[in-house]
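Everything numeric in this text was worked out from a predicted model, so none of it was measured. Proteins come first, then strands; the chains are lettered A, B, ... in the order of their sequence lines, and each starts at number 1.
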Amino acid sequence: MAESKYIEGMPMRVRFGPSPTGITHLGSARTALYNYLLGQQTGGQFILRFEDTDQKRYDPRAEEDLISSLKWLGLNWDEGPDIGGPYAPYRQSERKDLYLEVAETLVQKGHAFYCFCSKSELENTKKEQKKRKEHPRYPGTCRNIPLEEARKRISIGEEHVIRFKMPRKGTTTVVDRLRGEITFDNALLDDYVLIKSDGLAVYHLATMVDDHFMKITHVLRGEEWIPTFPLHAQIYRAMGWNEPEWVHLSLFLKPSGKGKMSKRDTEVMKASGESIFIRDMKKMGYLPEAVINWVALMGWGYDDQTEFFTMEDLIDKFSISKLNPKNAAIDFKKLDHFNGLHIRHLNLEDLAQRLKPFLLEAGFFVDDQVMIKIAELLQPRMTTLDEVTDWVNFLFVDQVSPKFEDLVVKGLSAPQALEVAEKLYAILETASEYNYDQLEQPIRDLAESLSIKLGQVFGVLRIALSGQTVSPPLIESMDILGKDKTLERLRNAITLLKSNS
RNA sequence: GCCCCCAUCGUCUAGGGGACUAGGACGUAGCCCUUUCAAGGCUAAAACCGGGGUUCGAAUCCCCGUGGGGGUACCA
């Protein structure tokens, strides 16, 4: 493998250059993350740049989504379209003159040429080439038009593009830090369009120009760019610029491992409560910390043990050499696992604050003291934050509707259940406070005196108070519910048990 | 079709010639703990794609095949 041109530990200038055409997804998030980590780790800069050279697909909402998604994930940039920086502007549509200038220099140097071929002409030759089983490529029609003639045709308004004049013989060797040297046969490479007929550059030119002038030292981008990698290197070489280090990241595959995510797949996924879009993950109750941890580990591994990483850990431990070039299938089960881990890692105040919006959304305004109690109760048993509503709903509604058959807990007869409820009522009525000191022993004694299981006593209580067979621990729950409501619900249960027996 | 990338349990991965009876995690199953549900602890089943080389020795290096993925645009 080729030696790195950049010394480890030297400040790196890295960038994330999304095209604002859609909603930010996991793949983008990971690319942004890895770039961010390198910038942080080396004391360099992480740059956000909007690559909006495609007018047709451009969507301003995608820009907003990008910014809010990256911020939510905690991937803050040092230079970008919203905050500017020493190499502004950071939006390619505002840099078109620069690209044109470089393209013209390339023409001047004989590395590019003006092309007047119409799209339909080119489509036809491509069809014929395919029919003859030839390698479809630009036929070279305008390659050798003298510059003066070309300029004349342009001056009379003839529509044109600028194409890169790819060498027709020999090979182009490029270096990827993960894969080593990759060699392409020039005869199979095409004369790519650099400047479109609308005067705007395509990705290939714009990005190389920006990376050069913005002094980017390391390019981490998706593997889908490998096929055009030789073009990119050729542009650098034709201009006599120093190439950055190139790293092509693996792609994310759909959970089945078969193919990358399509639009249809994302819809099917949403129907089953999953999503690859960052903004959805927030709504679904995932922690940005968990998403970061999860995504970081898809395509990168630290050692044979460690899996729990905070952003600080990642900044400290991340390294390009540990990147894995193999495509990775998305596994939402693992996200759930990391989310649980990070929920348990939060302090109670923090968790309480993050839980609050979900309760608010459900129409429950809960004060901070109670929120902390809820956070404590739920911390070990939550996978996603949005579950909070289901867990504590019974504490805030006016009344619950227990079913008779549930109240008659498994292993008890109806009269037994009634007796349990009545004796429980007596205990709870006399207790001055609902806590372990006051309640645990009396309840245990009750179970023993009736010679039934403790779980059965709590079972009756659980159904009476929550109407559900599953709930948070009951003593703490009653503390939040309050004595009045607790006793009221127990009375209702007693009435129900009586009326049915 | 052509070009390119990739290949360890179902999934994410550790591994970079002997330390491999191939380690961890998710998921799955069982047990313990337990007021339900979780969490936590313990245990189990589960993989080096195939074939050739190189070497005293290959999951690790090379070649071929196969499989998967990407690209093949005046999209990015």
Side-chain angles (χ1 to χ4, degrees), chain A residues 17-22 51-54 56-57 115 117 119 122-123 126 130 133-137 159-163 176 178-179 182-185 188-190 192-204 206-207 221-230 248 250-251 253 255-260 294 297-308 321-322 324-338 340-341 343-344 378-383 391 409 440 443-444 447 453-463 466 468-475:
Chain A
S19 128
T21 54
E51 311 208 329
D52 58 344
T53 51
D54 187 344
K56 281 159 260 159
R57 292 201 303 152
C115 171
C117 299
K119 273 187 200 175
L122 293 173
E123 254 164 54
K126 195 160 280 182
K130 276 191 180 169
K133 297 204 168 166
E134 282 173 23
H135 183 67
R137 63 183 293 177
E159 190 162 281
H160 66 283
V161 300
I162 297 179
R163 284 177 184 275
D176 172 271
L178 296 183
R179 302 152 223 267
I182 308 172
T183 299
F184 294 80
D185 184 352
L188 265 13
L189 266 20
D190 214 343
Y192 295 90
V193 168
L194 260 24
I195 301 283
K196 295 179 269 189
S197 54
D198 64 1
L200 244 175
V202 297
Y203 169 91
H204 309 297
T207 298
R221 50 161 21 172
E223 188 187 77
E224 71 269 24
W225 295 110
I226 293 180
T228 44
F229 191 6
H248 291 90
S250 63
L251 266 19
L253 270 25
S256 64
K258 303 259 180 261
K260 69 172 183 180
W294 176 51
L297 255 18
M298 297 173 68
W300 175 79
Y302 178 61
D303 59 17
D304 63 345
Q305 296 295 323
T306 326
E307 286 230 313
F308 183 89
S321 60
K322 288 261 188 177
N324 187 334
K326 189 192 170 189
N327 291 167
I330 295 169
D331 181 4
F332 289 102
K333 284 267 171 51
K334 197 131 189 182
L335 203 215
D336 285 342
H337 169 249
F338 279 121
L341 246 38
I343 283 176
R344 267 156 251 138
L378 264 31
Q379 190 169 42
R381 60 199 92 228
M382 277 202 306
T383 300
W391 276 110
V409 167
E440 193 184 17
I443 294 176
R444 280 187 188 278
K453 287 182 192 151
L454 220 211
Q456 293 172 313
V457 176
F458 275 109
V460 173
L461 184 58
R462 171 167 293 109
I463 304 295
S466 71
Q468 302 160 359
T469 53
V470 174
S471 82
L474 292 169
I475 294 177

| Does a side-chain N-to-carboxylate-O contact under 4.0 Å join Lys130(A) and Glu134(A)? |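 No, this pair does not count.
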
Describe the nucleic acid contact of [X] in one word from base, sugar-phosphate, nothing, applying a heavy-atom distance below 4.0 Å.
{"X": "Gly455(A)", "result": "sugar-phosphate"}
{"X": "Asn324(A)", "result": "sugar-phosphate"}
{"X": "Lys133(A)", "result": "nothing"}
{"X": "Trp391(A)", "result": "base"}
{"X": "Pro472(A)", "result": "base"}
{"X": "Arg344(A)", "result": "sugar-phosphate"}
{"X": "Thr21(A)", "result": "nothing"}
{"X": "Arg444(A)", "result": "sugar-phosphate"}
{"X": "Gly299(A)", "result": "sugar-phosphate"}
{"X": "Glu223(A)", "result": "sugar-phosphate"}
{"X": "Pro325(A)", "result": "sugar-phosphate"}
{"X": "Leu188(A)", "result": "sugar-phosphate"}
{"X": "Tyr192(A)", "result": "nothing"}

Please measure how far the [atom1] atom in [N] lies from the corresponding atom in [M], and state the result in whole Å.
{"N": "rC62(B)", "M": "rA44(B)", "atom1": "C1'", "answer": "39 Å"}
{"N": "rA45(B)", "M": "rG1(B)", "atom1": "P", "answer": "43 Å"}
{"N": "rA46(B)", "M": "rC4(B)", "atom1": "C1'", "answer": "33 Å"}
{"N": "rG10(B)", "M": "rU72(B)", "atom1": "P", "answer": "33 Å"}
{"N": "rU66(B)", "M": "rG51(B)", "atom1": "C1'", "answer": "10 Å"}
{"N": "rG15(B)", "M": "rA22(B)", "atom1": "C1'", "answer": "8 Å"}
{"N": "rA73(B)", "M": "rU55(B)", "atom1": "P", "answer": "46 Å"}

| message | Without decimals, in angstroms, what is the distance between Leu194(A) CG and rC75(B) P? | response |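 Whole-Å distance recorded here is 13 Å.
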
| task | Measure the distance from NZ on Lys326(A) to C1' on rC49(B) and round it to the nearest whole Å. | result |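 Going from Lys326(A) (NZ) to rC49(B) (C1'), I get 11 Å.
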
| request: Tell me yes or no: between the side chains of His248(A) and Arg179(A), is some donor less than 3.5 Å from an acceptor? | output: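 Their side chains do not contain a donor-acceptor pair, so the 3.5 Å distance test is not met.
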
